[in-house]
Amino acid sequence: MFSIFQKKKLAAEAEKKPKVSAAQIRVQKDLSELELPKTMEMSFPSPENLLNFELDFKPDEGFYKNGNFKFTFKINHNYPHEPPKVRCTQKVYHPNVDLEGNICLNILREDWKPVLNIISVIVGLQYLFLEPNADDPLNKDAAQDLRTDRQHFEGNVRHSMRGGIIDGNHYDNVMA
């Protein structure tokens with residue numbers, strides 16, 4: 001039997017140790033299984049916080065080849081029951097990324113299921129930059145450009161990736 005003093009001491013020690021949430025355990029599992037391709041690099045601004053990290057992606061093919069795109073991942077404590085919040089930190093000309101960096105990827109919205117994971121999101125981002133989806137756009141002008149004239153769209157992508165201006169919007173230079 002523990003004395004009242006021992007119980008208080010154990011309770012105080014337990015309060016000092018940071019509690020590990022189910023989300024943190026799941027993220028640790030996801031990260032342990034993660035094998036990033038050579039075109040991607042992950043970093044943790046605060047190494048003790050696995051729920052907020054950054055992903056650098058340098059596509060080696062497609063419209064966005066030779067670009068360097070940065071994404072932030074913010075995972076709340078309801079993960080995996082809720083998807084991570086993912087944003088592109090640069091302004092890019094892309095049908096599925098709006099000018100504020102929001103990303104239109106179905107698994108980040110209505111198609112999210114707890115069986116999906118960080119790897120699923122990263123593969124989805126990779127695919128969006130390989131094959132932009134003009135049928136589910138956030139940037140309607142870029143989507144229309146892609147649907148009607150792929151060559152013009154490609155020219156706009158290249159111009160925007162060098163920090164150009166398209167339709168009055170100044171884009172960030174993302175050339176690697």
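Distance alone, capped at 3.5 Å, is enough to place a donor-acceptor pair between the H170 side chain and the G163 backbone. Looking at D56, its side chain never comes within 3.5 Å of a backbone N or O of N68 through a donor-acceptor pair. With hydrogens and angles ignored, the 3.5 Å screen pairs a side-chain donor or acceptor of N173 with a backbone N or O of M175. Without hydrogens or angle criteria, D98 side chain to N102 main chain gives a donor-acceptor distance under 3.5 Å. Within the 3.5 Å criterion, the main-chain N or O of F63 finds a donor-acceptor partner in the side chain of R158.
Atom CG of L138 is separated from atom CD of E100 by 9.5 Å, given to the nearest 0.5 angstrom. Taking CG of N169 as the start and OG of S160 as the end, the distance is 10.5 Å to the nearest 0.5 Å. In this structure, L99 CG and C88 SG are separated by 11.0 Å, a value rounded to the nearest 0.5 Å. Distance OG/S21 to CG/L51: 5.5 Å, rounded to 0.5 Å. Of the inter-residue distances, the one linking Q90 atom CD with K70 atom NZ reads 6.5 Å to the nearest 0.5 angstrom. The CG atom of L116 sits 8.5 Å away from the CG atom of D111 when rounded to the nearest 0.5 Å.
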* After noting the C-alpha distance and the side-chain angles of I25 and V20, does the key distance pass the side chain to side chain contact (heavy atoms under 4.5 Å, CB included) rule? -> CA-CA 7 Å; I25 292 169; V20 178; 3.6 Å; yes
* Stepwise side chain to side chain contact (heavy atoms under 4.5 Å, CB included) check, N133 with L105 -> CA-CA 9 Å; N133 181 1; L105 182 61; over 6 Å; no
* side chain to side chain contact (heavy atoms under 4.5 Å, CB included) between Y171 and I165, intermediate numbers included -> CA-CA 6 Å; Y171 292 88; I165 297 172; over 6 Å; no
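The 12-atom threshold is exceeded at CD of E54, counting heavy atoms of other residues, nucleotides or ligands nearer than 6.0 Å. Sparse packing is recorded around NZ of K65, with 12 or fewer heavy atoms of other residues, nucleotides or ligands lying under 6.0 Å away.
Residues forming a side-chain contact (heavy atoms from CB on, under 4.5 Å) with L31 (at least two apart in sequence, or on another chain): V27, L34, M42, F44, L50, I118. D145 meets the side-chain hydrogen bond (donor to acceptor under 3.5 Å, both in side chains) test with Y93, H152, N156; sequence neighbours excluded. With sequence neighbours excluded, no residue forms a side-chain hydrogen bond (donor to acceptor under 3.5 Å, both in side chains) with N49. Applying the side-chain hydrogen bond (donor to acceptor under 3.5 Å, both in side chains) rule to D60 yields the partners K38; only residues at least two apart in sequence or on another chain are considered. Listed by chain and residue number, nothing satisfies the side-chain hydrogen bond (donor to acceptor under 3.5 Å, both in side chains) test with K113 (two or more places apart in sequence, or in another chain). Evaluation of the salt bridge (charged side-chain N to carboxylate O under 4.0 Å, His left out) rule for D30 yields R26 as partners, not counting sequence neighbours.
At least one side-chain heavy atom of F71 sits less than 4.5 Å from a side-chain heavy atom of I103. In this structure, F153 and P95 have side chains that are in contact, with non-hydrogen atoms separated by less than 4.5 Å. Residues V121 and F73 form a side-chain contact, since some pair of their non-hydrogen atoms from C-beta on lies under 4.5 Å apart. Within the 4.5 Å cutoff, side-chain heavy atoms of F57 are placed close to those of T39. Residues V86 and T72 have side chains not in contact (no heavy-atom distance under 4.5 Å, counting atoms from C-beta outward). Within the 4.5 Å cutoff, the side chain of L130 has heavy atoms near those of the E61 side chain.
Ionic pairing of E33 and K29 is present here: one or more N-O contacts between side-chain nitrogen and carboxylate oxygen are shorter than 4.0 angstrom. In summary, D136 and R109 engage in a salt bridge, as defined by a charged side-chain N under 4.0 Å from a carboxylate O.
Here the closest non-hydrogen pair linking Q126 and M40 is CB-CE, 3.8 Å. The two residues D135 and P137 come nearest to each other via the heavy atoms C-CD, 3.5 Å. Here the closest non-hydrogen pair linking I166 and H159 is CG1-CD2, 3.9 Å. When all heavy atoms of S43 and F53 are compared, the closest pair comes out as O-CB, 3.3 Å. Annotation for N76 and A23: closest pair O-CB, 3.7 Å, computed over non-hydrogen atoms. The two residues P80 and W112 come nearest to each other via the heavy atoms O-NE1, 2.8 Å.
Between H94 and F129, a ring centre-to-centre spacing shorter than 6.0 Å is recorded.
Of the candidates N117, I75, N52, P84 forms a side chain to side chain contact (heavy atoms under 4.5 Å, CB included) with just one, namely I75.
Transitive grouping of hydrophobic side chains (ILVMFWY, heavy atoms separated by less than 4.5 Å) keeps Y127 and V92 in distinct clusters.
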